[in-house]
Amino acid sequence: MESLTDTLWDVVICGTGLQQSLLALALSRSDKKVLHIDPNDFYGDAEAAFSLQEVESWVEKVEAGKEGLFRAASVEKPEGDTGLSFPRAYSLALAPQLIHARSTLLSQLVSSRAYRQVEFLAVGSFSIFKPSPDPSQNPTLVRIPSTREDVFSTTAISAKAKRGLMKFLKFVLDYDSTPQTDTWQPHADAPLAEFLLKEFKMDEELQTYIITLTLSLDGKINTRDGLAVIRRHLSSMGMYGPGFAALYPKWGGLSEIAQVSCRASAVGGAVYMLGTGVKMMNDQEDPIVVELTSGDTIKTRKVVRSNEGATDESSINRLVAVVGSSLKSLFESTVEGAPTPAVAIVAFPAGSLSTTAGEASQSPVYLSVHSGDTGECPANQSILYFTTVSEPTSQDLLQRALYSFLAAVAGETVPQCLYKLQYKQLRSSLQSQPNGLIFDFAPPASSLAFDDSTLQSVHDAWKMVLGDDAVEEEYLTFTDREGAMDDDEIYD
Amino acid sequence: MVLKQGGSQHGIARTSRVRTEAQKQQDLERIQKYRDLESHLRKLVSASDYSCDTFDLTTKLLKLNPEYYTAWNVRRRTLISGLFSRRSDGSSCWRGCSSSSRCDTTTTCSAASLSSSLTRILPSRAYQTTGRSGTTADQDVSDAATPNDTTTPTPEDEESQKKDSEIIKSELFFTIPLLLESPKCYWIWSYRLWILGQSVLLLPVPIAKKIWQEELGLASKMLAKDCRNFHAWGYRRHVVSRLESKELGGESLVESEFAYTDRMIRGDLSNFSAWHSRSKLIPRLLNERVAGEKERKGFLDAELNQIREALNVGPEDQSLWYYHQFLIDNLVSPVGRPTIVPTLTVEERVMYLTNEITEIKDLLEDYKDVKLIYEALLEYTLGLCQLIERKPEEDERQDLISWVKKLKELDPMRMGRWIDLERDSGLTELLPGWSGQPKHY
């Protein structure tokens, strides 16, 4: 077997984030020589999932300026015996994204057979946080209706408003045909909220329901994008079973997909080196000469990496809290025959929270609640992932969101917070693009739901690496390695 | 939950493939193996050999071809002839025939009738041991002890019950993968029902009841997968009626079945079978609740409110209008059927109907082109007039004319029907100066 330095690699992939890992999966049945490296000593990069110990060493690296997109990370643990379990009982996800049933990612995981290694859980209810008008009363969570049956069952909307909502849901399901296009295209770039008011006479409450379904981070999504996302949600409903529109991979969300992809790639012959990065690269030569931090110098035809250069000024703030309660009431399925959901989404619309100083929130806060079924924490606990667009008051606001949420779900006692992780993640409007013999992946989007446009870059990278050897029909379309079940077994 | 690819076996889509010579050879070998198994079975049957070997042979054959009904029959016979334990009094556990007479339901107990016809045709070893031959089914019933004997079970009995229970469980388990592969194969269902029937005859009531309760769970699972499967609803009703029968304790399940229709409707409003089931359960439900007039009125109000809420979000759905119509009929023409509130006066009925018409008119505000709304309004308004025994008043007449006009527009295929309706309801107008020539709108 050739050594690292003697081999002429077909591609060196830097970073084991989701995009790079999907690329590795796509190349796993080609006979190309793939070297996949990651300067971290863990898989997943910006989409990794951590045990509590790994969180703490990651926080240290972030504070030392060594983790690219991340800033201002800190951990808070109350003193004493809180009921926090041992560190490896937890798997905190940096990218707790839900995947809509209709997403191309799922069909690609199926066609590439990688789906067999992933366990998917159902994402259940979407709710809105309602502050209580009376300070002596607890705030409440109101479920957002997104199907005809939801609208039928809810008691929170008037009969007339229900009819309006039904009209809109029907409109969206067919929004890309005439005459619907005539109605919305003039408003394509205007905020969706405006469109809902003008064309469907929706009051603010209904508008909030719809905007929340889009999971728009700043709440200002435009009509074109908003309608597309809502249609994806509605048409995903019931696709893999009754009562849910989105899935979540067990054991840490996208991190699990990245790991499964790398595993498949390794089985296909790729060489993996964690804790190894690129020290220097001479891309003026062909083949490219790369000096690794391990001291080895290698030659490769192509390089694929992440572009972590310039990023926008905008970022998101995240708060991850471990809570000492299973929060069962959030994970009840109301639909007969539906699987028990493991994830529930709660939105805090702009204005529903106020800072300690009394200012109302300007942007929505989103919360993804994960039960122990996700494998991310013990069964009698839950993980809360809060996200909001960064503003000066964001850290404070996320803390307020945490305590307001716990007040809303409190039963006999208010659930305790056992562990808190906070950080900032920079966002980028950079595009993925080829650059001669190098392909740069754009930094991952920090959206709440997986965005299929990510997959286009993976496909582009695959085409660049394989060049003329690329066979379109074989892109992420494989047969099982083990071979089909032998029918002859039942004859014996 | 694991992602499944639909419609293919082993995750690979079925495509017509060209067989290589090697594959052809493989297929020929498989065919030969099957034929060998089959001829072996025939040999054993003709030698009246219904031993364990025969049983195993049917297992192999049925896995390959669950539609081979003779193999199912042979399997049944091997169980009856030996694998199912005998009672300590030596009589056969062969009560297959009696189960058909105990069936309270009108649904077919096809499995039972199948097995009873078997005894009439074929002599079984069981008969030989009791010294009888060629006895008819009925005689067997009167001669045999009932399965729920009040005599204390002997240790032998308990042993044999345990064995039978295991056999029943494993047989039910055996049918599952076959049903998953061939869910519409009657022979498998027939066998399953027969085994379930055997549980009532051979096992103590609590155990048999549990088995049937699990079967109800299976029916629920099937309906969860396809909530409008007419056969699955029929199967469910059969299972419910067995659970409610005297042999299994005679407990009424009407409340839980009513709650079940509730859940199914919340899952999918368009579930005609669920609404239909609901309507059938109501009379018994109210009787069991010993509902007085007040409770009955409350119940009717709740049902009307609920169906109106459903129509509010789904006015184009026929199954919802059928249920609404069922409730209205119940109100308006109570003669000859069990009604929800039999004590309503005519004034009260008129009030209900008038109210419904007003509520439905509200729907027109936002649903202008849904023909079922206009149809309902027409029918109920004409029905109201009939109830009070008067002709439509002028404003009603104008409404009726405009609704028929709308129906002609929305449903021109049924033009003839709308024209007839107009004429029969006296809605056509005579223009001045055109006597005898009605003008149609």
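For the numbers below, each heavy atom of this structure counts, side chains included, while hydrogens, waters and symmetry mates do not. Proteins come first, then strands; the chains are lettered A, B, ... in the order of their sequence lines, and each starts at number 1.
- Contact of B/Gln306 with chain A is made through backbone and side chain together, with heavy-atom distances under 4.5 Å.
- Heavy atoms of A/Lys167 lying under 4.5 Å from chain B belong exclusively to its side chain.
- Only the side chain of B/Asp317 has a heavy atom closer than 4.5 Å to any heavy atom of chain A.
- Ranked by heavy-atom pairs under 4.5 Å with chain A, the first of B/Asp362, B/Leu269, B/Leu223 is B/Leu269.
- Heavy atoms of other residues, nucleotides or ligands lying less than 6.0 angstrom from CD of A/Glu204 number 12 at most.
- Atom NZ of B/Lys280 has 12 or fewer heavy atoms from other residues, nucleotides or ligands within 6.0 Å.
- Of all the listed residues (B/Ala310, B/Gly314, B/Ala224), the one sharing the greatest number of non-hydrogen pairs under 4.5 Å with chain A is B/Ala310.
- Atom CE of A/Met166 sits about 7.0 Å away from atom CD of B/Glu316, to the nearest 0.5 Å.
- Inter-residue side-chain proximity for B/Asp268 and A/Arg148 is flagged as met; some heavy-atom pair is nearer than 4.5 Å.
- Counting only heavy atoms from C-beta outward, the side chains of B/Leu363 and A/Arg163 approach each other to under 4.5 Å.
- Separation of atoms CZ (B/Arg266) and CG (A/Asp150) is listed at 11.0 Å; rounding is to 0.5 Å.
- Atom CZ of A/Phe152 sits about 7.0 Å away from atom CD1 of B/Ile265, to the nearest 0.5 Å.
- Annotation for B/Lys221: atom NZ does not count as buried by contact number, only 12 or fewer foreign heavy atoms lying within 6.0 Å.
- No side-chain heavy atom of B/Glu309 sits less than 4.5 Å from a side-chain heavy atom of A/Ser153.
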